[in-house]
Amino acid sequence: LYSISILVNCYCNLGRVDLGFSLLGKLLKLGYPLNVVIFNTLINGFIHIGRLDQSVKLLDKMVELGFEPDMFSYNSMVKGFCRRGDNVGALRLLKKMDKGVCKPDVFTYNTIVDSLCKDRLLSEALEIFAYMRSKGISPDVVTYTALIRGMCNLGRWKQAKELLSEMLGNNIAPDIITYNTLVDMLCKEGMVDDARATIDLMIENGGTPDIITYNALLDGYCLCGRMNEASKLMDLMVEKGCPPD
RNA sequence: AUUUGUUCUCC
């Protein structure tokens, strides 16, 4: 079974969910034993090619066949709604999970918070943030990073920095993705110097900039026409053992 | 073995 789901996942990663799907069909006909992971892999595969409709069908089918959808199944579905820009659909599914046996977990909430932030619906995202805590699900670094992005998106730099401090002051360590997100957002708004300060802060906190950090900053320098600094940065990248790619 | 957050390219 492991081998089959690896194979199916491989098809999905190659963008050939159809091949995985027809394999499932054959296995079903042969009466081959299956498990929930194979269904989940395909549900997720369909989501990644924008076929939420197929995922819905497959979810129904697995239930029909007596397989219980789990967190993976539902979380992929939630992501599917979010990807098509249907936050309402995602929230509806969240409520449904709330009532069922598969309670929303940190993945579920993070998916929705991120989607709302990307759609600039920060206050809605903050409501979900509060809601998840009320349900006893602790936000993690992913939740915070999504919110920071949402704040930056609206130019709420001060609020974003406060949230970052809140993380630092609490038990949640910002990771490289958190810093990279901030650096990138600042650069895109032409606040390259603040971006540099953010990188310094990252280093102070024990982080190490990576190629993504540097590329974001490089893009920032180029966007504001500071080409001298851009080329100096390229030299620095080589020095730091992170050569431009 | 399957689910969530970062750079560039396309929009």
Side-chain angles (χ1 to χ4, degrees), chain A residues 1-13 17 20 24 34-48 55 58-59 62 67 69-83 85 90 93-94 97 102 104-118 125 128-129 132 137 139-153 160 163-164 167 172-188 192 195 198-199 202 207 209-223 230 233 237 242 244-245:
Chain A
L1 274 186
Y2 276 50
S3 322
I4 291 172
S5 52
I6 291 170
L7 182 65
V8 169
N9 193 38
C10 194
Y11 281 139
C12 291
N13 288 333
V17 190
L24 175 71
L34 297 168
N35 67 11
V36 63
V37 175
I38 297 174
F39 284 94
N40 288 345
T41 304
L42 282 166
I43 286 173
N44 191 46
F46 279 125
I47 294 303
H48 276 94
S55 297
L58 199 50
L59 190 83
M62 69 187 278
F67 296 97
D70 62 9
M71 297 310 302
F72 287 83
S73 331
Y74 283 114
N75 287 341
S76 288
M77 298 297 297
V78 168
K79 180 69 183 173
F81 282 105
C82 292
R83 278 178 74 109
L93 185 50
L94 178 79
M97 291 172 72
C102 248
D105 64 4
V106 69
F107 282 76
T108 322
Y109 287 111
N110 286 349
T111 302
I112 292 177
V113 166
D114 177 58
S115 176
L116 292 168
C117 286
K118 289 208 165 105
I128 298 297
F129 182 63
M132 69 189 282
I137 305 292
D140 63 8
V141 61
V142 175
T143 326
Y144 278 100
T145 302
L147 284 169
I148 286 174
R149 180 194 186 86
M151 290 168 181
C152 292
N153 241 326
L163 197 59
L164 184 69
M167 293 177 71
I172 313 207
D175 64 12
I176 191 156
I177 297 185
T178 313
Y179 288 112
N180 286 351
T181 301
L182 255 170
V183 168
D184 179 51
M185 299 301 283
L186 288 164
C187 285
K188 284 202 163 55
V192 192
T198 303
I199 293 176
M202 154 166 51
D210 66 1
I211 186 70
I212 295 182
T213 323
Y214 289 121
N215 281 344
L217 185 61
L218 192 58
D219 189 44
Y221 279 132
C222 294
L223 287 173
L233 179 61
M237 290 168 73
C242 197
D245 58 5

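Proteins come first, then strands; the chains are lettered A, B, ... in the order of their sequence lines, and each starts at number 1.
Between K118(A) and U4(B), a side-chain N or O to OP1/OP2 separation shorter than 4.0 Å is absent. At the phosphate of U6(B), neither OP1 nor OP2 sits under 4.0 Å from any side-chain N or O atom of K188(A).
Contact annotation for T181(A): backbone-only contact, meaning every heavy-atom pair under 4.0 Å involves sugar-phosphate atoms and none involves a base. As judged by a 4.0 angstrom heavy-atom cut-off over every strand, T41(A) is placed among residues touching the sugar-phosphate backbone only. Across all strands shown, V78(A) has no heavy atoms under 4.0 Å from either base or sugar-phosphate atoms. Using a 4.0 Å heavy-atom distance criterion, D140(A) is classed as making no nucleic acid contact. Nucleic acid contact class of S3(A) (heavy atoms, under 4.0 Å, all strands): none.
From M77(A), atom CE reaches atom SG of C82(A) across 11.5 Å, with rounding to the nearest 0.5 Å. Note that CD1 of I148(A) and OG1 of T178(A) are 6.0 Å apart. Values are rounded to the nearest 0.5 Å.
Nucleotide U7(B) holds its P atom 18 Å from the OH atom of Y179(A), rounded to whole Å. One atom, CG of D219(A), and another, P of U6(B), lie 16 Å apart when rounded to the nearest Å. Whole-Å rounding puts the M237(A) CE to U7(B) P distance at 15 Å. In this entry the distance linking CD1 of I128(A) with C1' of U4(B) reads 14 Å, nearest Å. At whole-Å resolution of the value, CG in N215(A) and P in C8(B) are 9 Å apart. Straight-line distance from the CG atom of L223(A) to the P atom of U9(B): 9 Å, rounded to whole Å. The distance from atom CG of L186(A) to atom C1' of U7(B) is 14 Å, rounded to the nearest whole Å. Between the CG atom of D70(A) and the P atom of U2(B) there is a distance of 13 Å, given to the nearest Å.
Listed nucleotides G5(B), U6(B), A1(B) differ in distance to I212(A); the shortest reach to its side chain belongs to U6(B). Among U4(B), U2(B), C8(B), the nucleotide with an atom closest to any side-chain atom of V142(A) is U4(B). Counting only heavy atoms from C-beta on, V141(A) has its side chain closest to G5(B) among U3(B), U4(B), G5(B). For V37(A), the side-chain atoms get nearest to A1(B) when compared with the rest of G5(B), A1(B), U7(B). In the set U2(B), U4(B), C8(B), the nucleotide with an atom closest to the side chain of N9(A) is U2(B). Side-chain proximity of R149(A) to the nucleotides U3(B), U6(B), C8(B) is greatest for U6(B).
Inter-residue side-chain proximity for F72(A) and N44(A) is flagged as unmet; no heavy-atom pair is nearer than 4.5 Å.
Scanning atom types as modelled, one donor and one acceptor separated by under 3.5 angstrom connect the side chain of N35(A) and the base of A1(B).
Put simply, F72(A) rests on the base of U2(B): the two rings are less than 5.5 Å apart at their centres and nearly parallel, under 30°.
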message: Show, in sequence, the C-alpha distance, side-chain angles and deciding distance for F129(A) and Y144(A), and conclude whether the ring-ring contact (aromatic ring centres under 6.0 Å, His included) test is met.
response: CA-CA 9 Å; F129(A) 182 63; Y144(A) 278 100; 5.6 Å; yes

query: Run the side chain to side chain donor-acceptor pair (under 3.5 Å) check on T181(A) and D184(A) step by step: do they pass?
result: CA-CA 5 Å; T181(A) 301; D184(A) 179 51; over 6 Å; no

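Among N9(A), N35(A), D70(A), the one residue that satisfies the side chain to side chain donor-acceptor pair (under 3.5 Å) test with N40(A) is D70(A).
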